[in-house]
> 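I am attaching a structure below and will ask some questions about it afterwards.
We number each residue from 1, following the sequence as shown. Every heavy atom of this structure was used, including side-chain atoms; hydrogens, water molecules and symmetry mates were not.
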Amino acid sequence: MQSGNQTSVSHFILVGLHHPPQLGFPLFLAFLVIYLLTVSGNGLIILTVLVDIRLHRPMYWFLCHLSFLDMTISSAIVPKMLAGFLLDSRIISFGGCVIQLFSFHFLGCTECFLYTLMAYDRFLAICKPLHYATIMTRSVCNYLALGTWIGGTIHSLFQTSFIFRLPFCGPNRVDYFFCDIPAILRLVCADTTINELVTFVDIGFLALTCFMLILTSYGYIVAAILRIRSADGRRNAFSTCAAHLTVVIVYYVPCTFIYLRPGSQEPLDGVVAVFYTVITPLLNPIIYTLRNKEMKAALRRLGGLKEVQPH
């Protein structure tokens with residue numbers, strides 16, 4: 001396989017989402033509203049958790065990380081998409097494409113690890129409540145969260161360097177709305193079979209491992225919940241876990257559709273990608289606030305400008 005020093009492409013052209021010209025401005029407004037709601041909604045969750053002392057627990061600390069990841073993932077993709085809708089600005093520099101691909105996979109992989117960590121936290125809280133406080137201490141919580149970021153960095157560095165070491169000497173039109181692995185590989189002037197296989201194995205292994213760990217955790221959780229005698233206790237536990245499971249499913253299904261089908265070039269890929277890059281970051285704060293009584297109560301306290309005192 002040839003090395004990347006033969007690259008002659010200085011920039012790429014993001015084709016974007018295929019749409020009639022007259023829909024450009026309506027799509028701009030729609031995605032702008034979604035983006036603003038995503039940033040404000042996730043930012044509100046972070047602010048609420050930081051301000052309300054009642055939420056200073058590992059579950060909500062991890063939720064802050066998730067909200068920050070959702071904001072940054074959306075910010076790495078949507079602004080360039082908006083510029084394409086409104087200004088027809090579809091050019092992205094070679095370096096900008098590298099940064100966008102790295103950022104997306106760094107944040108996405110970190111989120112994948114974080115979902116697994118959140119499932120483990122719920123497993124400890126529900127299945128081992130007497131030992132939870134001694135196991136999930138502040139320092140352990142911080143180290144685990146840091147580990148998700150380090151894992152995401154390593155994964156993205158590997159994927160990004162493995163792709164952009166290849167030569168780009170021909171077409172520079174990316175038939176996608178952002179720089180992602182499947183779309184970029186189609187522009188490489190070399191055999192990409194090994195890259196496609198490595199991408200499939202790497203992302204597939206990470207996604208499958210994390211998903212199986214999450215399912216295992218929730219298998220134990222469901223068994224423990226069914227043993228709770230109190231109906232209110234079972235309802236509260238199921239409500240909290242259902243929110244996390246909903247978010248996990250919404251995240252994993254589109255990612256599986258995109259990355260675990262080597263060589264896929266279906267037009268539907270772009271629509272699915274919009275879901276997990278634009279819609280999912282908006283849904284997360286809605287799901288967690290609507291299904292979580294503590295978060296809803298904290299938001300009411302924040303809206304009422306009531307100062308929360310530690311007990």
> Please check this pair: side chain of Asp202 against backbone of Val198, looking for a donor-acceptor N/O pair closer than 3.5 Å.
no
> For Asp121 and Tyr132, test the side chains for any donor-to-acceptor distance below 3.5 angstrom and give the result as yes or no.
yes
> Does the side-chain hydrogen bond (donor to acceptor under 3.5 Å, both in side chains) test come out yes or no for Trp149 and His65, once each step is laid out?
CA-CA 10 Å; Trp149 291 88; His65 281 265; 3.0 Å; yes
> Below 4.5 Å, heavy atoms only, C-beta onward: do Val140 and Ile135 meet side chain to side chain?
no
> From Thr38 OG1 over to Ile286 CD1, what is the distance, rounded to the nearest 0.5 angstrom?
8.0 Å
> Apply side-chain contact (heavy atoms from CB on, under 4.5 Å) to Tyr60 and Thr48, showing your working.
CA-CA 10 Å; Tyr60 296 103; Thr48 303; over 6 Å; no
> Of all the heavy-atom pairs spanning Arg186 and Asp175, show the shortest one and how long it is.
NH2-O, 4.1 Å
> Give, for atom CG of Leu187 and atom CG of Leu166, the distance between the pair rounded to the nearest 0.5 Å.
11.5 Å
> With side chains defined as the heavy atoms from C-beta onward, is the minimum distance between Ile184 and Tyr176 less than 4.5 Å?
no
> Are the side chains of Val248 and Tyr218 in touch, meaning some heavy atoms are under 4.5 Å apart?
no
> Give a yes or no on this: more than 12 heavy atoms of other residues, nucleotides or ligands lie within 6.0 Å of atom CZ of Phe25.
no
> Determine yes or no for a side-chain-to-main-chain donor-acceptor pair under 3.5 angstrom, with Thr148 supplying the side chain and Ala145 the backbone.
yes
> Thr192 side chain to Asn195 main-chain N or O, any donor-acceptor pair under 3.5 Å?
no
> Roughly how far apart are Ile77 CD1 and Tyr276 OH, rounded to 0.5 Å?
8.5 Å
> Angle between ring planes, Phe94 versus Phe168, binned at 30° and 60°: parallel, tilted or perpendicular?
perpendicular
> Quick one: do Leu117 and Phe113 end up in the same hydrophobic cluster if we chain Ile, Leu, Val, Met, Phe, Trp and Tyr together by side-chain heavy atoms under 4.5 Å apart?
no
> Quick check: does any side chain N or O of His155 sit under 3.5 Å from a backbone N or O of Phe106, one acting as donor and the other as acceptor?
no
> Starting from the C-alpha separation in whole Å, work towards a yes-or-no answer on side-chain contact (heavy atoms from CB on, under 4.5 Å) for Met59 and Arg122.
CA-CA 8 Å; Met59 172 183 170; Arg122 290 300 84 205; 3.5 Å; yes
> Could you pull out the closest heavy-atom pair between Val49 and Leu55, with the gap in Å?
CG1-O, 3.9 Å
> With the 4.5 Å side-chain cut-off for hydrophobic clustering, are Phe123 and Leu213 part of the same group?
no
> Has the side chain of Tyr35 got a donor or acceptor atom that lies under 3.5 Å from a matching backbone atom of Ala30?
no
> Does a side-chain heavy-atom distance below 4.5 Å link Ile214 with Tyr120?
no
> Would you call Pro20 and Gln22 a side-chain contact if the rule is heavy atoms closer than 4.5 Å?
yes
> Less than 4.0 Å between a side-chain N and a carboxylate O, is that true for Glu294 and Arg57?
yes
> Are Val174 and Ile13 close enough, and set up right, to give a side-chain contact (heavy atoms from CB on, under 4.5 Å), and what steps lead you there?
CA-CA 6 Å; Val174 181; Ile13 300 174; over 6 Å; no
> What heavy-atom pair brings His105 and Asp180 nearest, and what distance separates the two atoms?
NE2-OD1, 2.7 Å
> Give a yes or no answer on whether the side chain of Ser156 reaches the backbone of Phe102 with a donor-acceptor pair at less than 3.5 Å.
yes
> What heavy-atom pair brings Glu111 and Ile73 nearest, and what distance separates the two atoms?
OE1-CD1, 3.4 Å
> Keeping Ser103 on the side-chain end and Gln100 on the backbone end, is there a donor-acceptor pair under 3.5 Å?
no
> Can you measure from CG (Leu282) to CG (Asn42) and round to the nearest 0.5 angstrom?
8.0 Å
> Given Val9 and Phe12, is the side-chain contact (heavy atoms from CB on, under 4.5 Å) satisfied, shown in steps?
CA-CA 7 Å; Val9 173; Phe12 294 101; 4.0 Å; yes
> Are Phe162 and Phe205 connected, step by step, through hydrophobic side chains (Ile, Leu, Val, Met, Phe, Trp, Tyr) whose heavy atoms are closer than 4.5 Å?
no
> Ion pair present between Arg301 and Asp52, side-chain N to carboxylate O less than 4.0 angstrom?
yes
> Are Leu47 and Leu66 connected in a single hydrophobic cluster, I mean Ile/Leu/Val/Met/Phe/Trp/Tyr linked by side-chain heavy atoms less than 4.5 Å apart?
yes
> For the Cys pair Cys97 and Cys179, is the SG-SG distance shorter than 2.5 Å?
yes
> Is the count of non-hydrogen atoms from other residues, nucleotides or ligands lying under 6.0 Å from Tyr252 atom OH greater than 12?
yes
> Would you say that Phe85 contacts Leu32 through its side chain, given a criterion of any heavy-atom pair below 4.5 Å between the two side chains?
no
> Does Lys128 NZ have over 12 foreign heavy atoms under 6.0 Å away?
no
> Ignoring hydrogens and geometry, is there a side-chain-to-backbone donor-acceptor pair from Lys80 to Ile91 under 3.5 Å?
yes
> Is it the case that one hydrophobic cluster holds both Ile221 and Leu226, taking links as side-chain heavy atoms less than 4.5 Å apart, direct or via other members?
yes
> Okay, side chain of Ser74, backbone of Asp70: is any donor-acceptor separation there less than 3.5 Å?
no
> Quickly, which of Tyr251, Phe62, Phe211 forms a ring pair (Phe, Tyr, Trp, His ring centres under 6.0 Å) with Tyr115? Name it, please.
Tyr251
> Using every non-hydrogen atom in the two residues, find where Gly151 and Cys109 come nearest and quote the distance to one decimal.
O-SG, 4.3 Å
> Which value, rounded to the nearest 0.5 Å, describes the distance between Thr277 atom OG1 and Met81 atom CE?
5.5 Å
> Between Gly84 and Arg90, which heavy-atom pair has the shortest distance, and what is it?
O-NH2, 3.7 Å
> For Phe275, does its backbone N or O pair with a side-chain atom of Thr280 as donor and acceptor, under 3.5 Å?
yes
> Enter the distance from Gln159:CD to Ile154:CD1 here, rounded to the nearest 0.5 Å.
13.0 Å
